[in-house]
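Written below as structure tokens is the structure these notes are about.
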Amino acid sequence: MVAITLPDGSVRQFDGPVTGTEIAENISKSLAKKSLAVKVDGEVRDLFGEITDDASVEIITRDHEDALDIIRHDTAHLLAQAVQELFPGTQVTIGPNIEDGFFYDFARDEPFSSDDLAAIEKRMSEIVEEGRLTRKEVWDRDEAIKHFKDIGEHYKAEIIADLPEGEDVKIYYHGDWHDLCRGPHLPSTKHIGKAFKLMKVAGAYWRGDHRNAMLQRIYGTAWTNEKDLKAYLTRLEEAEKRDHRKLGREMDLFHFQQEAQGSVFWHAKGYLVWRQLEAYIRRRLDADGYSEVKTPQLLDSKLWEISGHWGKFRENMFVVPDEIPSTEDEGPVLTGEADLMALKPMNCPAHVQIFKQGIKSYRDLPIRMAEFGCCHRNEAHGALHGLMRVRQMTQDDAHIFCREDQITEETKRFLELFARVYNDMGMTDIAYKLATRPEMRAGDDATWDLAEKALSDALTSAGLEFEIAEGEGAFYGPKLEFHLTDAIGRTWQAGTFQLDYVLPERLDASYVDESGGRQRPVMLHRAVFGTFERFIGLLIEHYAGRLPLWLAPVQVVVTTITSAADDYAREVADELRAAGLRVDLDTRAEKINYKVREHSHAKVPVIAVVGAREAEEKKVSLRRLGSKDQESMTLDAAKTSLAEEALAPDLKSI
């Protein structure tokens with residue numbers, strides 16, 4: 001007998017080994033029709049596999065949390081079937097699930113076109129209709145290698161050859177088509193449904209190694225139902241409209257070019273946004289007891305060796321020889337014998353050097369040391385992504401040197417600052433995570449117990465709900481993660497807060513305690529924005545370029561209906577500038593609708609329209625971005641109203 005315990009606690013007895021299909025049929029015929037897979041003692045399995053021992057079992061249907069991964073896995077196989085049927089001779093390699101979908105890599109001489117994708121997607125739908133049944137076989141490893149070589153699937157044979165000798169190989173069939181796979185899979189292609197779409201083709205090296213052959217990767221997305229697929233595609237369309245790189249060009253904020261890969265050319269308007277954010281966060285830090293410092297860009301490699309970054313982070317550092325280059329036309333520019341220096345990838349070791357100047361007492365702590373530090377990280381070219389992933393970045397960085405008994409209070413204080421800032425930025429949907437000790441770590445368990453409890457207590461004391469991210473802390477201490485949800489439901493990780501016992505030890509930082517002895521301070525690494533570059537990119541996408549008035553590089557455009565109002569328009573612009581607003585003037589001999597469209601496209605928050613009547617009555621007609629309505633008011637009223645609205649959030653509260 002095999003006893004099967006169901007989620008409601010009930011137990012069903014079977015005479016011998018039983019499949020998930022049989023269990024579902026035993027419960028109800030309707031459940032059997034909806035079944036996709038089975039979860040046995042927490043492990044997802046094929047519906048048709050036998051359960052031989054007593055177990056807790058869940059039947060997975062389309063609304064189950066595990067259904068989507070299986071559907072995407074099967075859709076990847078579906079894609080491979082369609083490709084090989086339409087393009088004989090194409091070799092399949094790997095096809096895993098990824099966030100929001102899947103991909104499959106193919107070895108084929110001819111490139112896939114957009115027309116090919118349409119044909120492949122059509123064939124996939126036809127295979128779904130065919131309802132090809134799934135079955136699993138287990139083959140001998142050597143037999144599997146020979147089989148795939150014989151049918152020309154050399155990549156599959158190579159994958160199998162890397163498995164340990166004697167290990168059996170799982171082969172899944174969908175009809176006659178088969179593939180090497182761990183599984184699990186759906187009972188048939190019919191169970192996949194048609195909520196899928198192929199997205200794009202890209203290049204990918206075999207096994208991610210540039211020395212290997214270039215393959216063609218087809219990306220796709222798959223969902224449990226058409227409604228979710230449509231919602232996802234709509235999100236993608238909205239995300240494309242909000243792409244900060246596109247909006248950055250349209251709004252004349254910044255650009256990138258080959259001669260400085262991963263570094264931003266900030267235009268005047270973009271740097272105005274930066275300056276507003278910098279002034280805002282500086283005021284917040286001043287009010288919260290931080291002292292601002294400035295440290296060198298270039299530091300001797302010896303300091304990075306002592307801190308531990310040289311061994312763990314050197315591949316991401318820009319290393320510079322400490323010598324004067326030769327000016328001779330012949331011979332090497334550099335000797336290769338000089339001592340090495342590095343552009344700093346982070347500010348923390350330099351801040352420890354400032355802390356170490358002079359004797360510090362326990363009474364001096366906490367010391368909150370802030371820096372808008374320009375850092376460089378040698379990211380791979382392919383990893384760069386607009387403002388979101390750069391090589392040169394400026395952090396709103398700070399380090400808090402404190403005693404152990406101050407950790408909880410300082411953490412709580414930072415959490416309050418973080419929430420206040422993001423509320424001011426219009427981003428209030430924040431999920432908090434506590435990342436705990438990784439397997440490879442510095443320090444003993446007692447120290448980690450203390451550190452994790454301090455951060456947990458601070459989150460609880462601040463009234464914040466949080467998740468535990470098990471094993472995801474830094475090697476030197478636990479950290480807090482802040483996950484923000486933007487206007488279209490995307491999640492971003494921003495800011496940082498890390499607790500560090502290691503760096504003060506390595507760099508010999510200490511303070512004098514109450515008894516006159518030497519103690520190591522605890523070092524709290526923290527940033528609110530993270531980096532200005534990424535945070536500005538995030539804001540642009542969150543607001544779709546329609547930045548709040550206080551952040552907008554041009555806050556008001558004064559534009560004329562007729563040339564007869566030109567003099568008055570100049571007067572309006574001057575008055576608004578005198579009130580502290582950033583104002584452009586447009587007196588071109590163009591139709592007003594054309595000018596309004598142009599300035600709206602540039603995401604100017606307020607357009608002040610003036611014509612002959614406004615000039616006569618000393619009024620302006622204000623038109624807000626995204627609205628067709630106009631509000632007529634006196635120039636004095638407009639100045640007062642807009643100047644108040646344009647204040648940064650922290651200044652409004654004073």
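The first residue of the sequence shown is numbered 1, and numbering continues consecutively from there.
- By the side-chain contact (heavy atoms from CB on, under 4.5 Å) test, Tyr205 is found to be paired with His210, Met214, residues two or more places apart in sequence or in another chain being considered.
- Between Arg132 and Glu130, at least one side-chain nitrogen of the basic residue sits less than 4.0 Å from a carboxylate oxygen of the acidic one, meeting the salt-bridge criterion.
- Listed by chain and residue number, Arg207 satisfy the salt bridge (charged side-chain N to carboxylate O under 4.0 Å, His left out) test with Asp162 (two or more places apart in sequence, or in another chain).
- Under the 6.0 Å cut-off for aromatic ring centres, Phe112 and Phe87 qualify, their centroids lying closer than that.
- A distance-only check finds a donor-acceptor pair linking the side chain of Gln91 to the backbone of His154 [under 3.5 Å].
- Contact annotation: the side chain of Gln498 never approaches that of Arg526 to less than 4.5 Å [non-hydrogen atoms, C-beta and beyond].
- Between Gln84 and Glu153 there is a side-chain heavy-atom pair separated by less than 4.5 Å.
- Salt-bridge check for Glu472 with Lys479: failed, with every basic side-chain N at 4.0 Å or more from each acidic carboxylate O.
- Side chain of Gln216 to main chain of Glu110: a donor-acceptor pair is present (N/O by atom type, distance under 3.5 Å, no hydrogens or angles).
- Between Asp445 and Arg437 there is a salt bridge, since at least one side-chain N of the basic residue sits less than 4.0 Å from a carboxylate O of the acidic one.
- Between Ser113 and Asp115, the side chains place no donor N or O within less than 3.5 Å of an acceptor N or O (distance only, hydrogens not considered).
- Ring planes of His185 and His174: perpendicular class, angle over 60° (limits at 30 and 60°).
- The two residues Ser35 and Leu47 have their closest heavy-atom pair at CB-CD2, 3.6 Å.
- By the 4.5 Å heavy-atom criterion applied to side chains, Phe497 and Leu415 are not counted as neighbours.
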**salt bridge (charged side-chain N to carboxylate O under 4.0 Å, His left out) between Glu226 and Lys230, worked out** = CA-CA 6 Å; Glu226 294 280 351; Lys230 185 177 179 181; over 6 Å; no
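- Residue Ala3 comes nearest to Asp54 through the heavy atom pair N-OD1, 2.8 Å, listed as atom of the first residue, atom of the second, then distance.
- With hydrogens and angles left out, the side-chain atoms of His64 and Glu58 include a donor and acceptor closer than 3.5 Å.
- With hydrogens and angles disregarded, a donor-acceptor distance shorter than 3.5 Å links the side chain of Arg72 to the backbone of Ala222.
- Look at Lys122 and Glu126 and you find a salt bridge, because one of the NZ, NE, NH1 or NH2 atoms lies within 4.0 Å of a carboxylate O, short of that distance.
- Ring centroid separation for the pair Tyr104 and Phe102 does not come in under the 6.0 Å cut-off.
- Using a distance-only test at 3.5 Å, with no hydrogens or angles considered, no donor-acceptor pair links the side chain of Thr93 to the main chain of Tyr155.
- Pairing each heavy atom of Val40 with each of Ala55, the nearest pair is CG1-CB, 3.7 Å.
- For Tyr422 and Phe535, the ring centers are positioned less than 6.0 Å apart.
- The backbone N or O of Thr436 sits nowhere less than 3.5 Å from a side-chain atom of Glu470 that would complete a donor-acceptor pair.
- Of the possible polar contacts, one joining the Asp74 side chain to the Leu186 backbone as a donor-acceptor pair under 3.5 Å is found.
- Counting heavy atoms from C-beta outward, Phe48 and Lys136 have side chains that approach closer than 4.5 Å.
- Checked by atom type and distance alone, the side chain of Thr224 never pairs as donor or acceptor with a backbone atom of Leu68 at under 3.5 Å.
- Nearest heavy atoms, Leu247 versus Ala544: CD1-C, 3.6 Å.
- Put simply, the side chain of Arg534 does not reach to within 4.5 Å of the side chain of Leu387, judged on heavy atoms.
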**Message:** Could you walk me through whether Tyr172 and Asp46 satisfy the side-chain hydrogen bond (donor to acceptor under 3.5 Å, both in side chains) test, starting with their C-alpha distance in whole Å, then the side-chain angles of each, then the deciding distance to 0.1 Å, before giving a yes or no?
**Reply:** CA-CA 11 Å; Tyr172 276 85; Asp46 304 312; 2.5 Å; yes
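- The only member of Ile4, Asp41, Thr19 that meets side-chain contact (heavy atoms from CB on, under 4.5 Å) when paired with Ile51 is Ile4.
- Glu158 and Trp206 are linked by a side-chain donor-acceptor pair at a separation below 3.5 angstrom, with hydrogens and angles left out of the test.
- Considering every non-hydrogen atom in both Val2 and Pro17, the closest pair reads CG2-N, 4.1 Å.
- In this structure a side-chain-to-backbone donor-acceptor pair under 3.5 Å is present from His542 to Gly426.
- Under the 4.5 Å side-chain criterion, counting only non-hydrogen atoms from C-beta, Val528 is in contact with Phe414.
- For the side-chain contact (heavy atoms from CB on, under 4.5 Å) test with His178, the passing option among His147, Arg135, His77 is His147; the others fail.
- Under the 3.5 Å distance criterion, the side-chain polar atoms of Arg391 are left unmatched by any main-chain donor or acceptor of His381.
- Under a 3.5 Å cut-off, the side chain of Arg12 and the backbone N or O of Asn26 do form a donor-acceptor pair.
- Taking Arg490 as the reference, Ala239, Arg242, Asp486, Ile488, Trp492, Glu541 meet the side-chain contact (heavy atoms from CB on, under 4.5 Å) condition, with sequence neighbours excluded.
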